[in-house]
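As structure tokens, the structure follows; a few thoughts come after it.
Order of the sequence lines sets the chain letters (A, B, ...), proteins ahead of strands, with each chain counted from 1. Model, not experiment: these values are computed from the prediction.
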Amino acid sequence: MNGISSAFWDLLRPQAALAVGALAVLAAGASRRASLQVVKGLALAAVVVALLLLMTVRLQVVCLPLLRSDLLGSGLQAVFLSAAIPLLCLMEPADEVPPALVLGSLIGMGLIAVSGNLLMLFIGLELMSVPAYLLVARSRSPQALEASVKYFFAGGTASAIYLMGMALHFGAAGSLVLAPAPGPAGAAGLALMAAAAFFKLGAVPMHFWLPDVYEASDPELAGFFSTGLKAAAVLFLARLAPMAAPAGALVPALAWFAVLTILFGAVVALRQQNLQRLLAYSSISHAGFMMLAVAAWAKQGLAAPAAGALFFYLAAYLFMSGGAFLWLKAAGVRTRAELLGLAKARPRDAAVLAALLLALAGIPPTAGFAAKFLVFWEAFKAGLYAPLLLAGLGALISLGYYLGLIRDMYFDEAGPEPAKAVGPTPARWFALGCAAASVLLGLTPWLMDWFRPGMFGLRP
Amino acid sequence: MTQGALTILWLLPALGGLAALAGGRFSRWIALAVSLAALAYGFWLLGPLRTGVVAAAPQAPAWAFGIRYALFCDGLSLSLCWLTAFLTAACVVASWKKDYSAGYWAAFLFLEAALMGVFLARDLFLFFVFWESVLIPMFFIIGLWGTAGRRHAAMKFFLFTFFGSIFLLIGSVALVTLQHSATGVWTWDMAQLKGPEGRAGLMIFAAMALGFAVKVPIVPLHTWLPDAHTEAPAAGSVMLAGVLLKMGVYGFLRVLWPLFPRLSWQMLPLLGLLAGINVIYGAFCAMAQKDLKRLIAYSSVAHMGFCLLGIVSRKPEGLVGGSLQLLNHGIITGTLFLLVGFLYDRGHRRGLGDYGDLAGRAPWLTFFFGFTTLASVGLPGLNGFVGEFMSLLGMARTWSIMAVVGVAGVTLAAAYALPAFQAVFWGAPGPDSVSALVYDLDAREKGLFWVMAALMLAIGLYPGPLLRLLEPCLLGLAQ
Amino acid sequence: MSGVVWSVSAALFLLGLAGVALRRQLLAMFLGLELMVLTAALALGCTASLSGRGEGFVAALLVLAVAAAEAVVGLVLILRVRSSGRPAETQSLRELKG
Amino acid sequence: MSSLPPAALLLFLAPLAALAAAFFIMRPWKPQWTHVPILISCGVVTAAAAYLAAMVYTGRGADVTLYTWMFAGKWSVPFGVRIDGIGVSVLCMVALVGALIQLYSVGYMKGDPGFSRFIMLLHLFYLSMIGLLVSNNYVQFYLFWELVGACSYFLIGFWSHKEAARKAAMQAFLTLRLADFGLMLAVLLIIVQFRDTHFALFHAVRFFPSMYHPLIGLLILWAAAGKSALFPLYFWLPDAMEGPTPVSALMHAATMVTAGIFLLVRSWPLISAVPGLPGLIAVVGAVTAIFAAVLAFTQTDLKRILAYSTVSHLGLMAFAVGLGQITAAVFHLVTHGFFKATLFLCAGNIAHASGKSAVSVSEVGGLWRRMPLTFAAFAIAAFSLAGIWPCAGFFSKDAILDAAFERGGWAWAAGLAIAAASAAYIFRMLFLTFFGPRPEQSPARSLHEAPPVMAVPVAFLALGALAVGWAREDLVAMLFCGRQSAVAAPSLPELAPKVAAAGLGLAALAAGVVFALTMGAPSWDWHWRRRRPGLAAAFAGDLGWRRVVAGFVARTLRVADVVGRVWDHETWDAAIEKTATACRALSRGGSAMASGGLSESLWWLMIGAAALLAWAGLR
């Protein structure tokens, strides 16, 4: 018994810490004595402890058919845990519920990271999504409720579709383990489950909920969604990848859906006036690149460098996109018109956003370029030549709005209503930190020689 | 020449740029000091280059990616670094009187750092990173301090070049991957890479050539050049025409020729034809222009056509002549743009019809403009001729018809350059002419142009030292 | 896994799907949603019983539990829409677009 | 090859030093004294030329390389000096005539604001012409060839405020560039063929026949036609008269225009190796000579008459080269330099005195009383041009007529026609300008003799026009001795009395006829112009050739406009920019899809799931 319990405990230490944190937060809130700052502090502490515990997780441990962990899972777990830190610092919750919801959502994501079978995957998926619906509902913008209702119904449908896929798979394979299921029923099941994964990622035609949710929620929450939730969604898709038969239809479908997502996201973002909606479409475009990376990873039989590329893309994206949303919070800017001539009024803020945008655009020497370069390289190694070219075209189109924003800030005179309000200083420090990280991480291609799997205590 | 010594060459302007950003009022002095220091250091590097310690071998092979921070330097790279440093210093001196913010000076230093990086990079990935990061400072230079249509021009410049470099990136990735599948080693080192044969090799060559062609520019992909030149500030145009165009041709010379020796020789007819088209097309377009800067931009297209003719011919004369023409064109067109910049500072107009009869009002400006126009037209005795003649000779020994086209280009050069000179400096002033505003050059400007004129005359009459510097590294590429 | 179970669950699933997609009232859509989830649970259960693998039952039970949680949140949202004075229909949720 | 004679170095160093002194010292300090260093340098150069002539006369030439100019791989181009018969003989004429004209120009340009600029430009031309004559390989020759063209642009367009001067300068430079296209291509092909362009190696060229030979020959002829104003490309020379008179005298009479003939003479071994090419040159020369002589007869402006006369005589020299008589061509080149310079300077005196830059025939008449010295000089030069016995022209033209006589047939007829025509137009000019003013003429009151600084050079040149002929044997000796003389050509034929008599008779006949016409009752010159204005206009437009040239220029500009504006800017560039607008249109469509409706987003979700199912089903 202790073998199972020790493995079980070994894998779920971070989630346990989060759970304890969530209960502590609810208790503190209920007692009315603790102030909101204490509540947020507790939540933050829980996340930090979870991160530390994550370091001690031994890789490649399998516990029953339910749980197992690998490098990619742990890496992405680190990504969405650190994505929650700025959210918890900057959110101004009315009461103790939102921090608890965030911790709940993190537990769900953690479960996805360590899940070994479809059921655990479903539970993680739901545990991640449901708190998210409520978090969106609690945002301050007038359309928050509308966005959360749309998110709920779309999410619910997707979960239902996932369940039907799981049922089909169970019918065909007779077990819920993450392994390919024979016959047409298995393929159909996998297709349905993939549809749910595409929905969570925001791949095109299933993306319509994403811009509404990102626009309506507070900037820091949208930042968490674009980095944390997306990392979990990618992990969810990555868990499904081994189930695809190598000659199966999932990988080409994934590649072509990725291209469609990149191009559609980039093109539609060109004309967006609301900055959060623009960043939403940009995150859809980046989701396309992540899908391309997963396709390349699956095509190469789950090769380690491809996983490395996927992880690096998400790590860089954490700083770029997260930083961009945090900048919106820090600068108090909502629409593109307010950006006009910002460089003259607030040169420092403009420089931070310019750095983030150059990273998002994927222009060397930033981390964005290194990420895109690694994905391009893996896609070429996987033989996805046509999708690669179209992805490059997508990157070119995305320059239109990334550089467009820089052009508005630097090359134009101040517009009719210049941005006056300035957000809280911690947000500015977070944005600056993210900008610095997204530029300095650009050096990784040269540092990769030293990166050995056993380096950070993550024993393979 | 150790890696460290070469790193200083590009790191110095980069750090200088940071210092200039923080410099506030003193940033122009920092810019001047750093650019002159870079130039002096460049010349000092001639010593180690002479003693033969050229390429430091990179460290142990990599774990899984093969990307190393590796620099190297030979005659061609060093001369282009000199050109970069010299033109940057000239730009700083030329825009001294104007009240530009600290960002302006920093942008030029960052641009210089990135350009030096391109010319020194030995690792194909490092080459690409520097290649792309040149775009950022140039984008801001055109966009922030350009003239009326700067926004559109800056965006067009960036998108056009980015389009080219996507193909360059995919080509490089393909090259390295196929090299790995052939030899089992991941390496991005240009010295060890070899282009594959057959259809794959052709596709990679085409992709990378497209990336370089946008920068040269080769005719169908050139439409970013006139807009970028017209809208950029004077010093911006100098760097744009003076050095950025050289990156494309340098790409052909440093990447494509050594990596695809046989294939690039088989591509001679196509590349030769494109170079010929460049020369004639650029000349005819220049003849049709009414704006002085657009005219010089199109003349740059024609001149780069000559460089290409020389380099594509793969004969010793052609290769050395083409490389020398890179330097000559940098100096000549740099001077022309500085002169037009000073004219624009005074009259705030660029049209050919906006001036007239400046010979009386600004004799020194007329003298230097006439002198540089003659150099640009390829008058023997000045540096334009030496490069053009050797390039055409190279092509004459390979594909004589293209040499005939080249010589026709030389003739056409006079047909667009002199009418422009005459319209601005000799012509009768039109009704809305602003000649009254134009006053002559001051001591600083005259000093700058005396240096340029002396350089043109010296290279024109005694190109020996430069040829000795360029020859050893290019003879290997001859067919 | 006999065809009967599949035809029934497929029919029910499509019925639920139609409910969600076509109805205008939010509550009707919610019912459709729950029907889809329960159909999946039903399919899981039947498959488990036919193939004799106990996993299916465990899965069905857990699915029910999770669906319940989800239902709560859904209802809360619909109530919030009603309480904000807007009819609980898709037409009233049109502000976010573009 | 003996070591480099110091005098040869002086040819370069003296002008360079003078130019540097003038530009950096005299111009800022005392612009009106800039001519002092320049005239000193002229003296030094003339002395050096004389010394080199003596040296070559005693049989010692030189062909030395100063330094390697361009090199790459096995190929290299030297920068050197070559002192041989042909070079030195023309060098002496150029040095002497150039020096005298620069002295004359000090007086002529006294009051002009651009005085120092003019003197320096003229001396830069002087340097480049000398460089051209003593260079020892084709590439270096091309360097000075282009430099001379550039100097002519700045000198013709010296009075840049005059519209006509600007257009003439541009036309001259572009025509010369069109001609230089030929020379540059020829030099390239020579290097491709022979790997080396030293003149010394060319006398053995006959033994290496190659396919490029005829092409190189033709290109050299094309280049010479441009520079020496032979038929197709002569039209720039009459317009070049817009420049100040010393420029017309020095460049467009004595020195620059003869560079083309000098190139033909230098490349004679190459040309003679191509069958039929000398014949072509002879035909082109003859046609140019006759055509230009007829046009000279109908001109009204003094300098334009002399310009067409120069074109005619250049045609004559080319005719001589075509006939294989190199020595006669060089001899005529030298004598022509003297008498044509004299004629121009006399015209300059008249223009200077009348205060106008262009003097038409109707503004002169009966000047022999007011300007006796100019009249005397003009008469000697006119006699020399017409080929009357004591003057130099007689000997050189006679040599050419001998060659034409030997060739016989069309050549002999052409020779006689040229002799008669050239006598006709020069005597017409002489009678109209200096003899009794015709009723239609109204000479200006202020016409008086030129100041000494202008009169002395004219006198010297007139003396030269008289005496040079007698130095016939010495010149021939110089051409052949000097081991470097690469000219494998026949020596000058003896003076056949019959041919001389024919030439002299024709000249006298022409003089009489012209005298009758001009001095007769209805002054013929204005008479036929009134009766037949159409014909007069035709002659003014060079019998339609100017319209052909104008058409060519217009067509080039139209092509440029189509390529530059219509295609590059409005079609190709617009197409590329349209991709951006297409993206924006797509973007509008894409964002319209997000209609905000909840049901629509669910439908899209189901469509996506269905697509995936279908895709899975395909496998």
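Neither the backbone nor the side chain of B:Leu324 comes within contact range of chain D, judged by heavy atoms closer than 4.5 Å. The part of D:Arg195 that comes within reach of chain B is its side chain, from C-beta onward, which places non-hydrogen atoms under 4.5 angstrom from that chain. If you measure heavy-atom distances from B:Lys315 to chain D, you find no contacts under 4.5 Å at all. Using a 4.5 Å cut-off between heavy atoms, D:Phe144 does not touch chain B at all. For B:Phe421, the part sitting under 4.5 Å from any heavy atom of chain D is the side chain, from C-beta outward, and nothing else. With a 4.5 Å cut-off on non-hydrogen atoms, B:Leu467 touches chain D through its backbone and its side chain both. Neither the backbone nor the side chain of D:Glu163 comes within contact range of chain B, judged by heavy atoms closer than 4.5 Å.
Within 6.0 Å of the OH atom in D:Tyr67, the count of heavy atoms belonging to other residues, nucleotides or ligands exceeds 12. No more than 12 heavy-atom neighbours from other residues, nucleotides or ligands sit within 6.0 angstrom of NZ on D:Lys167.
Ring pair D:Tyr142/B:Phe385: centre-to-centre distance below 6.0 Å.
Under the 4.5 Å side-chain criterion, counting only non-hydrogen atoms from C-beta, B:Arg294 is in contact with D:His569. Counting heavy atoms from C-beta outward, D:Trp567 and B:Tyr281 have side chains that approach closer than 4.5 Å. In this structure the side chain of B:Pro220 reaches within 4.5 angstrom of the side chain of D:Trp572, judged on heavy atoms. Considering only heavy atoms from C-beta on, B:Phe367 stays 4.5 Å or farther from D:Arg117 through its side chain. At least one side-chain heavy atom of B:Leu418 sits under 4.5 Å from a side-chain heavy atom of D:Met170. Under the 4.5 Å side-chain criterion, counting only non-hydrogen atoms from C-beta, B:Phe389 is in contact with D:Val187. For the pair D:Trp75/B:Val320, no side-chain contact is recorded, criterion being any heavy-atom separation below 4.5 Å from C-beta on. Put simply, the side chain of B:Phe160 reaches to within 4.5 Å of the side chain of D:Ile576, judged on heavy atoms.
In terms of heavy-atom pairs under 4.5 Å with chain B, the best-connected choice from D:Phe71, D:Phe173, D:Phe79 is D:Phe71. Contact tally against chain D (heavy-atom pairs below 4.5 Å) for B:Leu412, B:Leu475, B:Val386: the top residue is B:Val386. Considering only heavy-atom pairs separated by less than 4.5 Å from chain B, the leading option among D:Val77, D:Val562, D:Val559 is D:Val559. The candidate from D:Ser160, D:Gly114, D:Ala165, D:Ala169 with the greatest count of non-hydrogen atom pairs under 4.5 Å with chain B is D:Ser160. If you tally non-hydrogen atom pairs under 4.5 Å between each of B:Ala478, B:Pro419, B:Ala403 and chain D, the highest count goes to B:Pro419. Of the residues considered (B:Glu471, B:Gln422, B:Arg397), B:Gln422 shows the highest number of contacts with chain D, using heavy-atom pairs under 4.5 Å. Of the listed residues D:Asp561, D:Asp568, D:Asp573, the one with more heavy-atom pairs under 4.5 angstrom with chain B than any other is D:Asp568. Ranked by heavy-atom pairs shorter than 4.5 Å toward chain B, the options D:His161, D:Gln140, D:Glu577, D:Arg565 are led by D:Glu577. Comparing D:Pro113, D:Gly149, D:Ala560, D:Gly564 by heavy-atom pairs within less than 4.5 Å of chain B, the highest count is held by D:Ala560.
Here D:Leu188 contributes atom CG and B:Met395 contributes atom CE; the two are 12.0 Å apart, rounded to the nearest 0.5 Å. Taking CG from B:Asp357 and CZ from D:Arg166, the interatomic distance works out to 8.0 Å, rounded to the nearest 0.5 Å. Between B:Glu388 atom CD and D:Met184 atom CE the span is 6.5 Å, to the nearest 0.5 Å. Distance check: B:Leu379 CG to D:Leu143 CG gives 7.5 Å after rounding to the nearest 0.5 Å.
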Exercise for the section: Begin with the C-alpha distance, continue with both residues' side-chain angles, and end with the deciding distance and a verdict on side chain to side chain contact (heavy atoms under 4.5 Å, CB included) for D:Leu185 and B:Val404. Expected result: CA-CA 7 Å; D:Leu185 198 52; B:Val404 172; 3.7 Å; yes
Handout entry: Step-by-step side chain to side chain contact (heavy atoms under 4.5 Å, CB included) determination, B:Cys285 to D:Val563
Key = CA-CA 6 Å; B:Cys285 283; D:Val563 168; 3.9 Å; yes
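With B:Trp426 contributing its side chain and D:Trp159 its backbone, the two residues share no donor-acceptor pair below 3.5 Å. At least one donor-acceptor pair closer than 3.5 Å links the side chain of D:Arg177 to the backbone N or O of B:Val410. With hydrogens and angles ignored, the 3.5 Å screen pairs no side-chain donor or acceptor of B:Glu317 with any backbone N or O of D:Gly73.
Using cut-offs of 30° and 60° for the angle between ring planes, the B:Trp364 and D:Phe23 rings count as perpendicular. Between B:Trp450 and D:Phe24, the ring planes lie tilted relative to each other; the angle falls in the 30° to 60° range.
Heavy atoms only, all atoms of each residue included: D:Tyr212 and B:Ser400 are closest at OH-OG, 3.9 Å.
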